[in-house]
Protein chains: 2
Amino acid sequence: MRLTTKGRFAVTAMLDLAMRQGCGPVTLAGISERQSISLSYLEQLFGKLRRAELVDSIRGPGGGYTVSKNLLNITVADIIVAVDESVDATQCAGRENCHDNHRCMTHDLWTNLNITIFDYLSNVSLASLVEKQRAKEVCVMQDKRECSATQTATASKAL
Amino acid sequence: MRLTTKGRFAVTAMLDLAMRQGCGPVTLAGISERQSISLSYLEQLFGKLRRAELVDSIRGPGGGYTVSKNLLNITVADIIVAVDESVDATQCAGRENCHDNHRCMTHDLWTNLNITIFDYLSNVSLASLVEKQRAKEVCVMQDKRECSATQTATASKAL
DNA sequence: AAATTGTTGACTAGATTACTCGGGAATTAG
DNA sequence: CTAATTCCCGAGTAATCTAGTCAACAATTT
């Protein structure tokens with residue numbers, strides 16, 4: 001479990017997407033503008049999110065991305081693993097650190113830390129993030145009217 | 001709280017040092033050899049550890065480093081903060097990520113994750129790492145006889 | 001046919017990591 | 001005193017990673 005800004009961007013983008021579920025496909029251009037993330041960078045990230053089957057894509061005008069499953073079944077850990085290609089990364093750096101043939105002295109420490117982090121992030125669903133966000137501001141883009149009030153009401157009832 | 005291999009190296013080196021407390025000052029050359037960490041890199045790390053007052057240094061022949069306080073009062077979090085110059089790092093990357101003037105949507109998520117990680121690492125003392133390590137192998141360098149059996153016994157009684 | 005949107009791959013500036021190198025300064029042994 | 005040992009410090013650096021850019025293309029709709 002690596003924690004980089006790449007993972008944070010991905011979570012932010014997924015949250016933006018999740019907030020607009022039901023409004024039809026959401027374009028990367030829109031997410032890019034609202035969240036101030038470069039469009040090309042988002043393309044990279046969503047390529048990985050799509051291959052991880054967290055989002056579905058629809059091409060052509062009116063196309064975009066939608067979340068592929070129930071928001072309750074997607075966790076922050078899923079998103080981070082999808083974009084950061086976790087590759088182990090914590091097991092004493094894989095190759096160079098484990099001392100001689102026995103496990104390095106701090107092996108268990110890092111393994112347990114990894115479990116702690118993963119547990120925490122596995123228990124935060126996209127649904128809960130959406131809920132908290134709605135509690136803060138009735139609709140993020142209230143002023144821009146890109147998503148109707150009706151949609152917001154329906155979505156929050158689903159939680 | 002950043003988690004890099006730099007921090008892992010520092011924890012490994014501090015554990016090596018802690019295992020030898022009472023044998024007199026421990027040289028970086030020795031830690032370098034035992035833990036397969038480059039000497040020059042250790043010098044950089046121990047410069048920071050000394051400025052953070054986690055270790056004391058003694059120059060000249062027979063010199064080296066000693067842990068500056070009780071092993072119970074040094075945590076893994078202390079060590080990582082000392083070498084990684086944590087600078088905040090988690091607060092939505094400080095500058096670029098926080099959206100507009102309100103806190104970015106995932107601000108609370110990262111803040112709480114940070115707290116979770118910090119709490120975990122703040123509750124692991126050097127003393128507990130030494131204890132676990134001694135439980136695994138009676139003395140790490142048993143075969144090399146650099147540290148007497150008497151010393152090992154005294155140290156484990158202190159826990 | 002033209003516009004829109006996703007898809008892919010190659011490339012890159014800048015930052016960071018994990019070092020090396022060279023010269024010091026303090027201390028002790030002989 | 002001299003030489004050896006050890007810490008101390010700053011500059012430099014190759015490799016890697018981050019956060020992108022750019023260009024071309026594929027699918028779909030109007």
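Predicted model, so just to flag it, every value in this text is computed and none were measured. Order of the sequence lines fixes the chain letters, A, B, ..., with proteins taken first and strands second; residue numbering starts at 1 for each chain.
To the nearest angstrom, P of D/dT6 lies 11 Å from CG of B/Leu39. A straight line from CG of B/Leu49 to C1' of D/dC8 spans 14 Å, rounded to a whole angstrom. To the nearest angstrom, P of D/dC7 lies 18 Å from OH of B/Tyr41. Taking atom CG of residue A/Asp56 and atom P of nucleotide D/dT28, one finds them 14 Å apart after rounding to whole Å. Spacing between atom CG of A/Leu28 and atom C1' of C/dG6 amounts to 7 Å, rounded to whole angstrom units. Counting to the nearest Å, the P atom of D/dG10 and the NZ atom of B/Lys48 are 12 Å from each other. Atom-to-atom, CD1 of B/Ile37 to C1' of C/dT17 comes out at 14 Å; the value is rounded to the nearest Å. Atom CG in A/Leu42 sits about 15 Å away from atom P in C/dT5, given to the nearest Å.
For the pair A/Ser32 (side chain) and A/Leu28 (backbone), a donor-acceptor distance under 3.5 Å is absent. At least one donor-acceptor pair under 3.5 Å links the side chain of B/Arg134 to the backbone N or O of B/Met19.
The 5' end of DNA chain C is approached more closely, in terms of each residue's nearest nucleotide, by A/Ile58 than by the other of A/Ile58 and B/Pro61.
Residues passing the side-chain hydrogen bond (donor to acceptor under 3.5 Å, both in side chains) test with A/Thr75 are A/Asp78, sequence neighbours excluded. For B/Tyr41, the ring-ring contact (aromatic ring centres under 6.0 Å, His included) criterion is met by B/Phe9, not counting sequence neighbours. Remark: B/Thr4 pairs with B/Asp84 by the side-chain hydrogen bond (donor to acceptor under 3.5 Å, both in side chains) rule, at least two apart or across chains. Legend: residues meeting side-chain contact (heavy atoms from CB on, under 4.5 Å) with B/Asn70, ordered by chain and number and at least two apart, are B/Leu72, B/Asn73.
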List the protein contact pattern of nucleotides 8-16 of chain C with one symbol per nucleotide (5' to 3'): B for base contact, S for sugar-phosphate-only contact, - for none; contact means a heavy-atom distance under 4.0 Å. B-------S

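Listed nucleotides: C/dT7, C/dT28, D/dC7. Nearest to the side chain of B/Tyr65: D/dC7. Checking C/dT17, C/dT4, D/dT18 against every side-chain atom of B/Lys6, the shortest atom distance belongs to C/dT17.
Residue-level contact check: A/Val55 touches neither bases nor backbone, having no heavy atom under 4.0 Å from any strand.
Between B/Ser38 and C/dT20 there is a side-chain polar atom (N or O) within less than 4.0 angstrom of OP1 or OP2.
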Can you give me every donor-acceptor pair (side chain of residues 58-69 of chain B, partner residue at least two apart or in another chain, under 3.5 Å) with its distance?
| residue | atom | partner | partner atom | Å |
| --- | --- | --- | --- | --- |
| B/Ser68 | OG | B/Glu53 | O | 2.7 |
| B/Ser68 | OG | B/Leu54 | O | 3.1 |

